Amino acid sequence: MTHFHEIVSLVLAVSLVYYVDSVNAARNNKFVTCGSVLKLYNTDYRVRLHSHDVKYGTGSGQQSVTATEVQEDVNSHWAIKAGTGKHCERGEPVKCGDTIRLHHLATNKNLHSHHFQSPLSGNQEISAYGDEQGLGDSGDHWMVVCTGEFWQRNSPVKLRHLDTDMYLSVSGRTFGRPINGQMEVVGVSSPYSGTDWSAAEGLFIHQTESDNAPRHTEL
């Protein structure tokens, strides 16, 4: 009987661990996490945050950041990283109020802003900045503004630039050549117009996955 009770206790313990892991996995799958790669979708203008090796002809002269309607463009992939000099565990859910960097995979630069005027609307310029290792400065820091405890994948967030207190937005104006049809991305002081961004297609890292394989949707 003692042996039988030990077996039953072991089965119950394993079942409990499996249940807790399953609940945690389901819980974590709802969140945007550190180390994940995603496309950011502007819910007002229905475009994705984008960059490419094209520099602004005015303002800072840094790499331009735009928004595109094209879902499949590989230049719209951004990796979630901690602030400069900070560390976050891969798969750790991003909390509301956290400071993050958005690292552009194709060009190895960070989403950036500063006190320059944007070329079309005269709002604050948004650029991509950093050296060959992707290192930049405090102008790469964005606060995740959302409700609740974590950044949920099915809920839009706002991204506030820490150095200038501006919100990442889309002006609604479009560029001509060489980036014809792409929209201007800007920083604005009001959080109410064009400032909602949701996690669209991506490759999401989760801590509870036993095989360490990331979950993804169509990139």
Side-chain angles (χ1 to χ4, degrees), residues 32-42 47-68 73-119 123-146 151 157-171 179 182-188 195 197-205 214 219:
V32 174
T33 57
C34 183
S36 293
V37 175
L38 76 165
K39 295 179 181 179
L40 283 170
Y41 179 75
N42 187 282
V47 288
R48 287 163 174 79
L49 188 68
H50 181 88
S51 192
H52 36 230
D53 193 15
V54 177
K55 292 180 171 56
Y56 286 122
T58 61
S60 69
Q62 293 177 2
Q63 182 173 301
S64 58
V65 171
T66 60
T68 178
D73 199 314
V74 296
N75 285 314
S76 300
H77 289 141
W78 302 85
I80 306 291
K81 294 189 173 183
T84 304
K86 304 292 184 180
H87 174 74
C88 60
E89 293 293 333
R90 284 171 58 85
E92 178 184 352
V94 177
K95 292 181 179 179
C96 297
D98 273 356
T99 296
I100 63 169
R101 285 178 296 154
L102 288 163
H103 182 79
H104 189 244
L105 290 192
T107 60
N108 209 32
K109 296 187 183 300
N110 302 314
L111 187 70
H112 183 87
S113 194
H114 38 217
H115 292 294
F116 286 94
Q117 281 194 344
S118 64
N123 286 294
Q124 185 164 293
E125 180 190 277
I126 304 294
S127 66
Y129 174 77
D131 61 18
E132 293 181 356
Q133 285 74 43
L135 297 176
D137 58 26
S138 64
D140 305 336
H141 291 164
W142 300 85
M143 177 183 287
V144 178
V145 180
C146 53
W151 179 357
V157 301
K158 301 178 190 298
L159 295 166
R160 182 167 66 83
H161 189 245
L162 289 190
D163 276 2
T164 63
D165 207 30
M166 294 288 186
Y167 292 88
L168 186 70
S169 184
V170 175
S171 72
I179 47 178
Q182 295 184 16
M183 284 193 179
E184 182 188 46
V185 173
V186 297
V188 296
T195 58
W197 299 87
S198 64
E201 306 80 15
L203 187 150
F204 297 90
I205 308 295
L219 296 177

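Owing to the predicted nature of the structure, the values given are computational and were not obtained by experimental measurement.
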Checklist entry - Does any non-hydrogen side-chain atom of His114 lie less than 4.5 Å from one of Asp163? => result no
Next on the checklist: Is the shortest side-chain heavy-atom distance between Ile80 and Trp151 below 4.5 Å?
Outcome noted: yes
Checklist entry - Crowded around Lys158 NZ? As in, over 12 foreign heavy atoms under 6.0 Å? => result yes
Checklist entry - Which is it for Tyr129 and Val65 under the side-chain contact (heavy atoms from CB on, under 4.5 Å) test, yes or no, and what are the steps along the way? => result CA-CA 10 Å; Tyr129 174 77; Val65 171; over 6 Å; no
Checklist entry - Can you tell me if Trp78 uses its side chain to pair, donor with acceptor, with the backbone of Leu49 under 3.5 Å? => result yes
Item to check | Nearest-0.5 Å distance that lies between atom CD in Gln62 and atom OG in Ser113 | outcome: 9.5 Å
Item to check | OG1 on Thr58 to CD on Gln117, rounded to 0.5 Å | outcome: 9.0 Å
Item to check | Main-chain N/O of Val54 paired to Ser64 side chain as donor or acceptor, under 3.5 Å | outcome: yes
Checklist entry - His77 side chain to Ala106 main-chain N or O, any donor-acceptor pair under 3.5 Å? => result no
Next on the checklist: Has Thr68 got a side-chain atom pairing as donor or acceptor with Val47's backbone, closer than 3.5 angstrom?
Outcome noted: no
Checklist entry - For Ser76, which of His50, Arg48, Lys39 qualifies under side-chain hydrogen bond (donor to acceptor under 3.5 Å, both in side chains)? => result His50
Item to check | CG on Asn110 to NZ on Lys81, rounded to 0.5 Å | outcome: 7.0 Å
Checklist entry - Do Leu111 and His104 pass the side-chain contact (heavy atoms from CB on, under 4.5 Å) test, and can you show the C-alpha distance, the side-chain angles, and the key distance before you say yes or no? => result CA-CA 7 Å; Leu111 187 70; His104 189 244; over 6 Å; no
Item to check | Side chain proximity check, Leu135 to Thr84, heavy atoms < 4.5 angstrom | outcome: no
Checklist entry - Yes or no on side-chain contact (heavy atoms from CB on, under 4.5 Å) for Leu159 and Leu40, after CA distance, side-chain angles and deciding distance? => result CA-CA 11 Å; Leu159 295 166; Leu40 283 170; 4.1 Å; yes
Checklist entry - What is the distance from atom CH2 of Trp142 to atom CE of Met166, rounded to the nearest 0.5 Å? => result 10.5 Å
Checklist entry - Under 3.5 Å, side chain of Asp73 to main-chain N/O of Asn75, donor-acceptor pair present? => result yes
Next on the checklist: On a heavy-atom basis, which atom in Ile205 and which in Arg90 lie closest, and how many Å separate them?
Outcome noted: CD1-NH2, 3.6 Å
Checklist entry - Does any non-hydrogen side-chain atom of His161 lie less than 4.5 Å from one of Leu168? => result no
Checklist outcome for this item: side-chain contact (heavy atoms from CB on, under 4.5 Å) test vs His103 passes for just one of Asn108, Asp140, Val37, namely Asn108
Checklist entry - Do Ser51 and Lys109 come within less than 4.5 Å of each other through their side chains, counting heavy atoms only? => result no
Checklist entry - Between Arg101 and His141, is a side-chain contact (heavy atoms from CB on, under 4.5 Å) present by the stated rule, with each step listed? => result CA-CA 5 Å; Arg101 285 178 296 154; His141 291 164; 4.0 Å; yes
Checklist entry - So which heavy atom on Asn123 is nearest to which on Gly187, and how close? => result CB-O, 3.7 Å
Next on the checklist: Could you check whether any side-chain heavy atom of Thr33 comes within less than 4.5 Å of a side-chain heavy atom of Glu92, counting everything from C-beta outward?
Outcome noted: no
Item to check | Taking every non-hydrogen atom, the tightest pair across Ala67 and Val185 | outcome: N-CG2, 3.7 Å
Next on the checklist: Are more than 12 heavy atoms, taken from residues, nucleotides or ligands other than Asp137, located less than 6.0 Å from that residue's CG atom?
Outcome noted: yes
Next on the checklist: Could you check whether any side-chain N or O of Tyr56 sits under 3.5 Å from a backbone N or O of Ser118, counting only pairs where one atom can act as donor and the other as acceptor?
Outcome noted: no
Next on the checklist: Within this structure, what is the OG-NZ distance for the pair Ser60 and Lys55, rounded to the nearest 0.5 Å?
Outcome noted: 10.0 Å
Checklist entry - How many angstroms lie between CG in Asn42 and CE in Met183, if you round to the nearest 0.5 Å? => result 8.5 Å
Item to check | Over all atoms of both residues, closest heavy-atom pair of Val94 and Cys34 | outcome: CG2-N, 4.0 Å
